[in-house]
2 protein chains.
Amino acid sequence: MSDRTPAEAARDIPEATVARLPLYLRALTALAEADQVTCSSEELATAAGVNSAKLRKDLSHLGSYGTRGVGYEVEYLRYQIAREIGVTHDWPVVIVGIGNLGQALANFSGFRSRGFRVVALLDADSQRQSEVVAGLAVRPFDELAGIVAEHGVAIGVISTPAPAAQAVADALVVSGVRSILNFAPTHLAVPEGVDVRKVDLSIELQILAYHEQRKAQPDALDDEVTA
Amino acid sequence: MSDRTPAEAARDIPEATVARLPLYLRALTALAEADQVTCSSEELATAAGVNSAKLRKDLSHLGSYGTRGVGYEVEYLRYQIAREIGVTHDWPVVIVGIGNLGQALANFSGFRSRGFRVVALLDADSQRQSEVVAGLAVRPFDELAGIVAEHGVAIGVISTPAPAAQAVADALVVSGVRSILNFAPTHLAVPEGVDVRKVDLSIELQILAYHEQRKAQPDALDDEVTA
DNA sequence: GTCGGTTTGTTCTCCCGTTCACAAACTCCT
DNA sequence: AGGAGTTTGTGAACGGGAGAACAAACCGAC
């Protein structure tokens with residue numbers, strides 16, 4: 001009934017907590033690179049930009065790592081969170097739609113370094129299929145099913161124009177992909193059990209614009225003729 | 001104290017509603033282009049991918065547009081939402097960091113068509129300053145303050161590497177920018193009154209990976225040695 | 001061994017957001 | 001004009017997340 005996946009609470013970790021775990025993972029990685037052995041919840045929370053009480057509650061959902069009176073062991077906690085998220089091994093990813101954004105995504109180093117590996121770039125435009133982007137040849141879109149099966153791809157990224165996105169999503173789902181990251185500015189309808197996360201640049205800007213407008217106008221609101 | 005802006009509820013429209021208004025605006029624009037004159041809440045909600053009751057409550061926060069027994073007039077409602085968001089006129093935007101992602105953003109047509117106009121591209125790398133991207137010359141970063149003042153820029157986009165992001169944010173704030181869209185994978189500390197929205201690609205992927213992992217494992221969880 | 005200081009894990013409360021369900025209000029047909 | 005049908009706007013119940021505050025647990029000193 002709902003647009004979100006209602007029974008997606010797989011075990012018992014709240015969705016809001018899941019969304020913050022990558023923040024903690026990143027902060028812990030930075031601490032580890034600075035050769036810090038232990039850290040307090042206060043320190044880690046500051047590094048991640050969240051409240052320390054929230055951090056402790058989040059971590060309590062995955063277990064009782066950490067020692068009272070001492071704090072958390074950086075490397076140990078980092079591994080535990082990585083394991084919980086599932087990025088102790090690499091996930092194969094395909095990117096569909098190799099325009100400006102798709103090329104930027106293919107070149108994005110953050111993927112490779114954080115548990116993801118781009119195994120194929122796909123595009124329906126035959127002109128792009130002669131190009132090589134980020135060391136990978138751009139391949140025809142109809143090779144999707146074979147590539148997904150071959151590499152065991154579970155995550156697909158859509159960076160096509162909006163009109164093509166739904167068809168691409170359908171094809172991804174048919175091929176067996178159950179998680180989609182959608183950059184196309186459109187709503188995707190997918191079957192139950194398939195997760196879609198949306199990144200929408202113009203929506204983010206419009207939200208900023210709303211607040212910006214409110215900052216500018218002190219309190220003039222009702223005195224407008226709108227016919 | 002908090003990392004979010006606590007007193008940002010400018011008037012009385014809930015934040016969750018504000019985040020959905022751009023969705024409705026987009027759906028209404030699509031309906032208008034299909035020459036549809038009126039639409040029901042059910043129809044608009046389906047197009048936007050949300051619940052119809054949620055849609056009606058959202059719209060009720062901006063006023064009582066719509067006619068019972070009939071629905072909403074597409075063009076009228078579209079204008080009202082655009083006015084509420086503040087995209088009836090264009091917002092000048094600067095993009096800082098013209099790497100792969102910055103170039104993709106500069107070329108993104110959705111900005112221009114949805115109330116935003118990129119007025120300048122900035123980069124600290126002098127090698128990039130000879131390039132022309134999306135019809136705009138890449139200019140030195142130290143011209144920021146002048147550009148912001150000249151065009152009345154209120155919104156800045158950061159697409160630099162993570163280590164440079166905080167310094168860029170500081171410079172934006174000093175120049176007078178009060179809204180920042182941050183693509184760098186790091187937490188930005190900004191003064192009260194400045195809004196930051198974050199788009200983080202690897203976090204989105206990690207959230208997908210978490211759910212994907214839970215789909216794969218039916219219910220094996222505690223039986224792991226972790227030392 | 002005991003005591004003080006420190007930090008985690010957890011409980012409790014409050015608030016925001018979602019959803020259901022229904023009254024109010026409008027149109028169209030007779 | 002009146003009634004049937006339709007759709008909006010909203011009141012109320014419900015669930016989840018945020019934050020404060022505190023008890024439990026650990027370390028180190030004496």
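Just so we're on the same page: letters track the sequence lines, and every chain starts at 1. Computed from a prediction, not measured in an experiment: that's the story for all the values here.
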Taking only N/O atoms, report every protein-nucleotides 11-15 of chain D pair under 3.5 Å with atom names and distance.
unit_1	atom_1	unit_2	atom_2	d
D:dG11	O6	B:K57	NZ	3.3
D:dA12	N6	B:K57	NZ	2.8

- Message: Under 4.0 Å between a side-chain nitrogen and a carboxylate oxygen: does that hold for B:R20 and B:E15?
- Response: no
- With sequence neighbours excluded, what pairs up with A:F141 under the ring-ring contact (aromatic ring centres under 6.0 Å, His included) test? none
- Partner residues of B:E42 under the salt bridge (charged side-chain N to carboxylate O under 4.0 Å, His left out) criterion, sequence neighbours left out: none
- Query: With sequence neighbours left out, what residues match A:E73 under side-chain hydrogen bond (donor to acceptor under 3.5 Å, both in side chains)?
  - Reply: none
- Item | Gap between atoms CD and P, on B:E42 and D:dG9 respectively (whole Å) | 15 Å
- Message: Going by salt bridge (Lys or Arg N to Asp or Glu O under 4.0 Å), name the pairs with one or both residues in residues 176-185 of chain A, residues two or more places apart or in two chains.
- Response: A:R178-B:E212
- Message: How many whole angstroms separate atom NZ of A:K54 from atom C1' of C:dT8?
- Response: 18 Å
- Task: Look at B:S64 and D:dG9 and indicate whether a side-chain polar atom (N or O) is within less than 4.0 Å of OP1 or OP2.
- Result: yes
- Query: Roughly, in whole Å, what's the span from CG in B:D58 to P in C:dT19?
  - Reply: 11 Å
- In whole angstroms, how far is the P atom of D:dA18 from the NE2 atom of A:H61? 10 Å
- Task: Hey, could you give me each pair passing ring pair (Phe, Tyr, Trp, His ring centres under 6.0 Å) that has a residue in residues 32-68 of chain A? Not counting sequence neighbours.
- Result: A:Y65-A:Y76
- Mapping B:V70 and B:T17 to their closest nucleotides on DNA chain C, which lands nearer the 5' end? B:T17
- Query: Are A:V153 and A:V119 close enough, and set up right, to give a side-chain contact (heavy atoms from CB on, under 4.5 Å), and what steps lead you there?
  - Reply: CA-CA 8 Å; A:V153 173; A:V119 297; 3.7 Å; yes
- Message: According to ring-ring contact (aromatic ring centres under 6.0 Å, His included), who are the partners of A:H89, at least two apart in sequence or on a separate chain?
- Response: A:W91
- Task: Report the distance from atom CD of B:E73 to atom P of D:dT7, rounded to the nearest whole Å.
- Result: 17 Å
Could I get a table of every N or O pair under 3.5 Å where one atom is in the protein and the other is in nucleotides 22-25 of chain D?
unit_1	atom_1	unit_2	atom_2	d
D:dA24	N3	A:R68	NH1	2.8

- Message: In whole Å, I'd like the distance from the CG atom of B:L59 to the C1' atom of D:dG9.
- Response: 10 Å
- Task: Just jot down the side chain to side chain contact (heavy atoms under 4.5 Å, CB included) partners of B:A45, sequence neighbours excluded, or say none.
- Result: B:V50, B:S52, B:L55
- Query: Which ones in residues 29-40 of chain B lie close to DNA chain C, meaning a heavy atom under 4.0 Å from one of its atoms?
  - Reply: none
- Under 4.0 Å between a side-chain N or O of B:T67 and OP1 or OP2 of D:dT8? no
- With no hydrogens and no angle check, do the side chains of A:E84 and B:Q213 hold a donor and an acceptor under 3.5 Å apart? no
- Task: Measure from CG on A:L55 to C1' on D:dA18 and round the result to the nearest Å.
- Result: 14 Å
Under 3.5 Å, sequence neighbours excluded: what are the donor-acceptor pairs made by side chains of residues 155-167 of chain B?
unit_1	atom_1	unit_2	atom_2	d
B:S159	OG	B:V96	O	3.3
B:S159	OG	B:G97	O	2.6
B:Q166	OE1	B:A189	N	3.0
B:Q166	NE2	B:D170	OD1	2.9
B:Q166	NE2	B:A189	O	3.0

- Ignoring backbone atoms, test whether B:Y72 places a side-chain nitrogen or oxygen under 4.0 Å from the OP1 or OP2 oxygen of D:dG9. yes
- Message: Whole angstroms only, please: what is the CD-P distance between B:E15 and C:dC16?
- Response: 12 Å
- For B:T186, all residues meeting side-chain hydrogen bond (donor to acceptor under 3.5 Å, both in side chains), sequence neighbours excluded: none
